[in-house]
Amino acid sequence: MDSATIARQCTLCEAHCGILVTVAGDRVTRIEGNPDDVLSKGYICPKATAMGDLHHDPDRLRTPVRRVGDQFVPIGWDAAFAEIGTRLRAVRAAHGPSAIGMYMGNPAAHSSSVLYGVALRAALLTRNFFTASSIDQFPQEFVAWRMFGANVLMPVTDIDRTQRLVILGANPAVSNGSITTMPGAKNRIRDVRRRGGTVVVIDPRRTETARLADEHVAVRPGGDVFLLLGMLHVLVTENLCDQRAVATQSAGFAELARLVATTTPQLMAPHAGVDADTIVRLAREHAAAPSAVLYARIGVCLQVTGTLTHWLVNAVNAVTGNLDRPGGQMFATPPVDAARYAKHLPMGHGAWTDRTGSYKSFRSELPVAALADDISADGPDRIRAMITYAGNPVLSTPQGGRLGDALDTLDFYVAVDMYVTETTRHADIILPPVSPLEREELNLLFPVFSVRNNARFDAAVFTPPTDGLEDWQILARLITELVPLPARRFTGRAVTAVFDRLTPLRLTAAALATGPYGILRRGRKGLTVNGIRATPGGVDLGPLRPRLRELIGTGDRKVQLAPPDFLRAVRTVLDESRATATFGYDLQLIGRRHLRSNNSWLHNIESMVKGRDRCTVLMHPDDAAARGLADGAQATVASAVGEIVVPVEVSADIRPGVVAIPHGWGHHDPGLGWQVAAAHPGANVNLLHDPTRTDPLSGTAAVNSTWVRVGPVLDPSRPADGAATVAAPRRTG
Ligand SMILES: Nc1nc2c(c(=O)[nH]1)N[C@H]1C(S)=C(S)[C@@H](COP(=O)(O)OP(=O)(O)OC[C@H]3O[C@@H](n4cnc5c(=O)[nH]c(N)nc54)[C@H](O)[C@@H]3O)O[C@H]1N2
Ligand SMILES: Nc1nc2c(c(=O)[nH]1)N[C@H]1C(S)=C(S)[C@@H](COP(=O)(O)OP(=O)(O)OC[C@H]3O[C@@H](n4cnc5c(=O)[nH]c(N)nc54)[C@H](O)[C@@H]3O)O[C@H]1N2
Ligand code: SF4
Ligand SMILES: [Mo]
């Protein structure tokens with residue numbers, strides 16, 4: 001049998017590690033790290049092999065399917081698009097454009113088809129657009145917009161050159177970095193120490209990353225905002241700020257200084273759960289290091305203080321002179337310079353709200369916290385049809401257990417996904433794209449957040465099946481179906497003809513030509529798609545370079561250290577911090593990611609789920625003993641809004657008073673296409689999180705620090721997810 005090895009990337013997470021895929025005939029026989037990859041240098045994690053397993057997974061849909069009663073039956077592409085067009089146009093004609101809602105999930109960002117997701121969103125003209133960003137990096141985008149003038153200007157941590165790396169609420173040793181693309185993060189962290197630098201991890205759990213660090217600070221969940229206010233107090237009152245950097249780069253220092261004048265480490269310590277001496281020392285050491293950077297991510301994003309914490313993170317970096325300089329926070333110079341243009345895009349903050357008026361639009365979308373209610377609450381303006389693309393919000397977002405049922409009440413629901421999941425099982429039609437190994441492309445998004453400038457090509461390993469469509473082709477067909485009726489036949493065909501020529505790769509080629517390394521600027525030496533394709537490990541475009549002045553989009557072209565609404569909001573947090581009533585719930589619940597898991601959708605791969613149960617509640621030995629719970633015992637975890645049953649995992653690595661449960665589990669819905677996952681169901685932690693608990697500034701779901709209580713299972717006959725996920729009667733038709 002013919003054997004060949006193809007270089008591309010693993011597209012499962014943001015690290016996009018370079019892989020070498022060896023195939024024999026139509027089988028993947030080996031996946032290994034590509035030592036020539038300019039960013040990952042041979043590193044891969046255990047998930048990389050899942051790229052092959054996903055391709056061969058018998059449960060992966062290979063043709064569109066349509067619901068008939070309780071079953072999904074294959075249907076041809078043309079028939080599927082015709083029915084979708086008729087049904088969606090009918091909903092829109094009767095109830096207006098916002099009656100069609102759309103949810104776009106995380107894997108969308110991992111292929112260039114995402115451009116077509118955005119185009120479909122635009123064609124829908126709906127106000128009811130949601131993405132996983134509002135249970136992810138929204139606070140960081142919100143802060144980037146307010147401090148730097150564009151949501152895309154989320155600074156990258158220059159990990160490869162820093163002398164002091166302080167990580168809050170991120171676990172890159174497992175996640176390999178996010179909004180700072182750093183494949184092989186473990187090696188990069190070790191390198192900081194090898195060159196004489198220091199690594200500190202601030203996290204309620206002594207994580208895999210904390211084990212690599214010089215120091216671990218076990219902050220209280222949600223305590224970071226107080227810790228940072230205490231650090232800023234020290235920086236300001238001890239004159240440790242870099243006044244030259246502040247004067248040239250920033251505005252609002254005086255207001256910030258006034259705010260932190262009273263936030264002494266002594267006052268902040270109990271709220272942070274960190275002693276005052278440590279807060280003082282963290283501030284002094286940050287200022288004293290030749291370069292230093294605070295890097296923060298999901299642990300502090302998914303908090304009611306998500307926006308405020310990221311603001312203060314950037315503020316500490318800026319006032320110590322570590323913004324826009326090597327070893328600090330920097331901005332990449334990617335082949336397509338999104339940040340240069342992003343400052344001209346309106347963010348539409350508050351241009352509309354959800355139906356209850358609780359959530360403001362941001363970046364032309366609504367927080368996903370509003371989704372279930374926007375479908376199910378009565379009224380003329382409710383969502384009546386849905387499109388989901390590469391997302392599993394039933395598991396991945398807190399919806400009070402109501403989203404599955406809500407999807408069943410829709411007039412019509414079409415999903416673009418290759419699996420029958422907890423979400424897509426409610427669809428009328430599911431449209432599966434070809435497997436990732438069957439597509440070729442050049443990812444333009446992650447170089448915007450990479451620790452080194454680079455351009456890398458994803459070669460197709462297999463030729464796509466003749467009747468297979470990529471996501472972008474599916475999305476383009478959906479767009480053509482939505483063209484208004486009278487002109488539809490002609491326009492539809494014309495639009496299709498246009499799209500057939502506008503492949504993502506062609507769009508990429510054009511964008512590349514006009515970018516910083518493109519032929520329009522560099523002539524024959526410029527980067528082209530073909531040039532990058534011919535370099536299997538990718539093209540290294542050098543270290544990050546200072547470019548704040550060129551990119552900043554604020555009115556006065558200064559970094560805004562003290563946006564007035566942030567000042568107001570932080571004062572409210574300070575006022576409310578004295579209230580401690582928890583109504584009988586005595587433990588704070590945080591999240592946890594595992595190296596062999598990726599959000600909700602790798603649990604159908606045997607090698608990713610074998611071995612010990614991963615969906616456990618991690619708790620401190622003292623907390624377990626106090627509740628009579630032994631390691632491995634089943635426990636009930638209850639919050640004010642839900643209850644689940646999971647095994648206990650006892651570990652001294654977690655701060656007393658805190659428990660951690662991973663998300664993405666709970667695969668016991670009937671009718672799932674996931675045979676392997678159904679044998680390792682776990683429980684859905686998002687049933688414990690109150691959907692209305694959000695960051696008031698960005699609307700992001702605040703799932704880290706929910707109050708819960710944990711105890712023995714009193715009624716072993718109850719399903720692990722409580723009553724909430726028991727199947728609702730399904731519509732037919
Ligand atoms: N409690 C809690 N909840 C969380 C988090 C947390 O830390 N704690 N983290 C949040 C974060 S950071 C994120 S990003 C979200 C993720 O939330 P989602 O994006 O909603 O969920 P995923 O689990 O990533 O589901 C991805 C879906 O896309 C499908 N898919 C995979 N690849 C492709 C493809 O190429 N094309 C198409 N069309 N479909 C594809 C999969 O089959 C799967 O159904 O979860 C969030 N939820
Ligand atoms: N293996 C694996 N890798 C992944 C993913 C995955 O599911 N599995 N998901 C990918 C995605 S979509 C994303 S967005 C990234 C996320 O990347 P990371 O943000 O690095 O991922 P997490 O492991 O959720 O890290 C959050 C950390 O915050 C801590 N934490 C919780 N609450 C608090 C708090 O109040 N304060 C502080 N200081 N810390 C707190 C948690 O203990 C945890 O260690 O990972 C990506 N990579
Ligand atoms: S870290 Fe693992 S899952 Fe993420 S891109 Fe690299 S190999 Fe793939
Ligand atoms: Mo994410």
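Heavy atoms only: backbone and side chains are in, while hydrogens, waters and symmetry mates are out. In each ligand, atom 1 is the first atom listed, and ligand 1 is the first ligand listed.
Thr209 has its side chain within reach of Ile167: a pair of non-hydrogen atoms, C-beta onward, lies under 4.5 Å apart. Put simply, the side chain of Thr388 reaches to within 4.5 Å of the side chain of Tyr103, judged on heavy atoms. Ile279 places a side-chain heavy atom less than 4.5 Å from the side chain of Leu227. The shortest distance between side-chain heavy atoms of Arg592 and Thr616 falls below 4.5 Å. With a 4.5 Å cut-off on side-chain heavy atoms, Val21 and Thr5 do not count as touching.
Looking only at atom types and distance, the side chain of Gln329 has no donor-acceptor partner in the side chain of Asn322 under 3.5 Å away. Between Ser133 and Asp136, the side chains place no donor N or O within less than 3.5 Å of an acceptor N or O (distance only, hydrogens not considered). A donor atom on one side chain and an acceptor atom on the other are found under 3.5 Å apart for Ser178 and Arg297. No donor-acceptor contact under 3.5 angstrom links the side chains of Ser600 and Ser396, judged on distance only. Checking Asn176 against Tyr43 by side-chain atom types alone, a donor-acceptor pair falls below 3.5 Å.
Contacts of Ser597 with ligand 2, taken as heavy-atom pairs under 4.0 Å, involve the backbone alone. With a heavy-atom cut-off of 4.0 Å, Asp224 touches ligand 2 through its side chain alone. The part of Gln303 lying near ligand 2 is the side chain, judged by heavy-atom distances below 4.0 Å. Contacts with ligand 2 closer than 4.0 Å are made by side-chain heavy atoms of Asn106 only, the backbone lying farther away. Looking at Thr207 against ligand 2, only its side chain comes within 4.0 Å, counting heavy atoms. Contacts between Ser178 and ligand 2, counted as non-hydrogen atom pairs separated by less than 4.0 Å, involve the side chain only. Using a 4.0 Å cut-off between heavy atoms, Lys47 contacts ligand 2 through its side chain alone, with no backbone atom that close. Contacts of Asn599 with ligand 2, taken as heavy-atom pairs under 4.0 Å, involve both backbone and side chain. With a 4.0 Å heavy-atom cut-off, ligand 2 is reached by the side chain of Asp136 but not by its N, CA, C or O.
The aromatic rings of Phe362 and Trp145 are tilted relative to each other, their planes meeting at an angle between 30° and 60°.
Of the candidates Pro172, Ala50, Ala48, Cys17, it is Cys17 that places a heavy atom closest to atom 6 (Fe) of ligand 3. Of the options His16, Lys47, Glu14, Gln9, the smallest heavy-atom separation from atom 3 (S) of ligand 3 is shown by Lys47. For atom 29 (C) of ligand 2, the choice among Leu168, Asp653, Asp203 with the nearest heavy atom turns out to be Asp203. Comparing Ser175, Ala170, Cys301, Ser600 by heavy-atom distance to atom 17 (O) of ligand 2, the nearest is Ser175. Summarising the contacts of atom 13 (C) of ligand 2 with Arg593, His594, His110, Arg655, the nearest heavy atom is found in Arg593. When Ile167, Asn171, Val274 are ranked by how near their heavy atoms come to atom 25 (O) of ligand 2, first place goes to Asn171. Comparing Pro662, Gly591, Gly299 against atom 33 (C) of ligand 2, the shortest heavy-atom distance belongs to Gly299.
For Arg30, the CZ atom is loosely surrounded, since the number of other residues' heavy atoms within 6.0 Å does not exceed 12.
At least one heavy atom of Gly222 sits less than 4.0 Å from an atom of ligand 2. By the 4.0 Å heavy-atom criterion, Val174 is counted among the residues contacting ligand 2.
Backbone and side-chain nitrogen or oxygen atoms of Val219 are examined, and none is located within less than 3.5 angstrom of a nitrogen or oxygen of ligand 2. Residue Ile298 has at least one nitrogen or oxygen atom sitting less than 3.5 Å from a nitrogen or oxygen atom of ligand 2, judged on distance alone.
Atom 40 (C) of ligand 2 has its closest protein heavy atom at Pro204 CD, 3.3 Å. Summary of contacts: the protein heavy atom closest to atom 2 (Fe) of ligand 3 is Cys45 SG, 2.3 Å. In terms of protein heavy atoms, atom 39 (N) of ligand 2 is closest to Gly169 CA, 3.1 Å.
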Would you check, one step at a time, whether the test side chain to side chain contact (heavy atoms under 4.5 Å, CB included) holds for Met104 with Val114?
CA-CA 9 Å; Met104 189 156 90; Val114 70; 3.9 Å; yes
Would Phe446 and His110 count as a ring pair (Phe, Tyr, Trp, His ring centres under 6.0 Å) here? Give the steps.
CA-CA 8 Å; Phe446 296 116; His110 293 263; 5.0 Å; yes
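With ligand atoms numbered from 1 in the order given, ligand 3 contributes 1 (S) to contacts under 4.0 Å with heavy atoms of Asn176. Of all the atoms in ligand 2, the ones that sit under 4.0 Å from a non-hydrogen atom of Arg297 are 14 (S), 19 (O). Distances below 4.0 Å separate heavy atoms of Cys13 from the following atoms of ligand 3: 1 (S), 3 (S), 4 (Fe), 5 (S).
Looking at Asp214, its side chain does come within 3.5 Å of a backbone N or O of Val199 through a donor-acceptor pair.
Using a cut-off of 2.8 Å, one finds that Cys10 contributes an N/O/S atom close to atom 8 (Fe) of ligand 3.
In this structure, CG on Asn598 lies 8.0 Å from NE2 on His603, to the nearest 0.5 angstrom.
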